Amino acid sequence: QAQLVESGGGLVQPGGSLTLSCAASGIMFHIYIMGWYRQAPGKQRELVATITNGESTNFADSVKGRFTISRDNAKNSVYLQMNSLKPEDTAVYYCHAQRVGVPPRDYWGQGTQVTVSS
């Protein structure tokens with residue numbers, strides 16, 4: 001009964017900011033690497049950012065310096081703070097939970113739309 005539920009998407013002007021939230025349930029949250037991915041129409045889904053339980057982070061080159069990922073284990077939640085948004089950031093953003101090990105296991109949220117436009 002694992003579930004990831006995203007929220008916070010919407011329409012924002014170029015240069016603006018938006019914060020996405022993902023609430024997880026049904027998993028042992030602290031053993032999962034959490035991440036955000038995005039997919040635009042006609043394009044492949046791509047990694048945006050990841051964060052480990054130890055709060056080590058990785059970002060795609062396209063968002064470095066503009067986006068911040070964080071997690072709150074007490075709330076079983078992960079967040080994506082997006083600043084200086086560009087039209088190229090327009091996509092459906094997906095929350096992802098990855099358990100490493102043998103066997104590995106992962107889960108996806110249903111996505112939230114982010115549109116950057118004037």
Side-chain angles (χ1 to χ4, degrees):
Q1 291 191 293
Q3 188 174 28
L4 305 176
V5 180
E6 302 100 332
S7 61
L11 175 64
V12 64
Q13 293 183 323
S17 298
L18 206 60
T19 299
L20 305 182
S21 300
C22 173
S25 61
I27 64 171
M28 193 176 296
F29 186 76
H30 70 278
I31 69 171
Y32 283 80
I33 297 172
M34 301 300 299
W36 289 94
Y37 291 71
R38 66 187 182 186
Q39 187 170 24
K43 301 189 69 176
Q44 293 184 339
R45 188 172 299 185
E46 64 176 351
L47 174 72
V48 177
T50 62
I51 184 168
T52 69
N53 187 56
E55 300 191 8
S56 296
T57 59
N58 286 296
F59 297 90
D61 288 341
S62 59
V63 306
K64 284 182 179 177
R66 300 189 297 122
F67 290 12
T68 301
I69 188 171
S70 61
R71 67 191 293 161
D72 186 339
N73 287 353
K75 296 181 178 180
N76 284 3
S77 296
V78 62
Y79 309 94
L80 185 68
Q81 175 66 48
M82 304 182 292
N83 300 317
S84 301
L85 283 162
K86 306 174 181 179
E88 307 94 271
D89 296 317
T90 297
V92 177
Y93 284 70
Y94 296 90
C95 183
H96 181 246
Q98 175 72 59
R99 186 186 75 185
V100 298
V102 181
R105 178 166 293 181
D106 67 335
Y107 302 96
W108 292 93
Q110 292 189 349
T112 185
Q113 176 72 47
V114 173
T115 302
V116 184
S117 176
S118 298

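In this chain, residues are counted from 1 in sequence order. Everything numeric here is computed off the predicted structure, so don't read it as measured data.
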[X] versus [Y]: any side-chain heavy-atom pair under 4.5 Å?
| X | Y | result |
| --- | --- | --- |
| Asn53 | Arg71 | yes |
| Phe67 | Leu85 | yes |
| Trp108 | Arg45 | yes |

Return yes if some donor-acceptor pair links the side-chain N/O of Thr90 with the main-chain N/O of Val116 below 3.5 Å, else return no. yes
Please answer whether the main-chain N or O of Pro103 pairs with a side-chain N or O of Arg99 as donor and acceptor at a distance below 3.5 Å. yes
Intermediate values then yes/no, side-chain contact (heavy atoms from CB on, under 4.5 Å), Trp36 and Val78: CA-CA 9 Å; Trp36 289 94; Val78 62; 3.9 Å; yes
When you look at CD of Gln13, are more than 12 heavy atoms from neighbouring residues, nucleotides or ligands closer to it than 6.0 Å? no
Other residues, nucleotides and ligands only: do more than 12 of their heavy atoms fall within 6.0 Å of CD on Gln39? yes
Least distance between heavy atoms, [X] atom then [Y] atom:
| X | Y | result |
| --- | --- | --- |
| Ala2 | Ile27 | CB-CG2, 3.4 Å |
| Thr50 | Ile69 | O-CG2, 3.7 Å |
| Ala24 | Leu4 | CB-CD2, 3.5 Å |
| Glu6 | Cys95 | OE2-N, 2.8 Å |

Mind checking the CE-CG spacing from Met28 to Asn76? Nearest 0.5 Å is all I need. 11.0 Å
Tell me whether Asp89 is salt-bridged to Lys86, with the criterion being a basic N under 4.0 Å from an acidic carboxylate O. no
Please test Arg66 against Phe59 for side-chain contact (heavy atoms from CB on, under 4.5 Å), starting from the C-alpha separation and ending with a verdict. CA-CA 10 Å; Arg66 300 189 297 122; Phe59 297 90; over 6 Å; no
Look at the side-chain heavy atoms of Ile, Leu, Val, Met, Phe, Trp and Tyr, link any pair under 4.5 Å apart, and say whether Met34 and Tyr107 land in one connected group. yes
Passes side-chain contact (heavy atoms from CB on, under 4.5 Å), Ser21 versus Lys75? Steps please. CA-CA 11 Å; Ser21 300; Lys75 296 181 178 180; over 6 Å; no
Any donor-acceptor pair under 3.5 Å linking the side-chain atoms of Thr19 with those of Gln81? yes
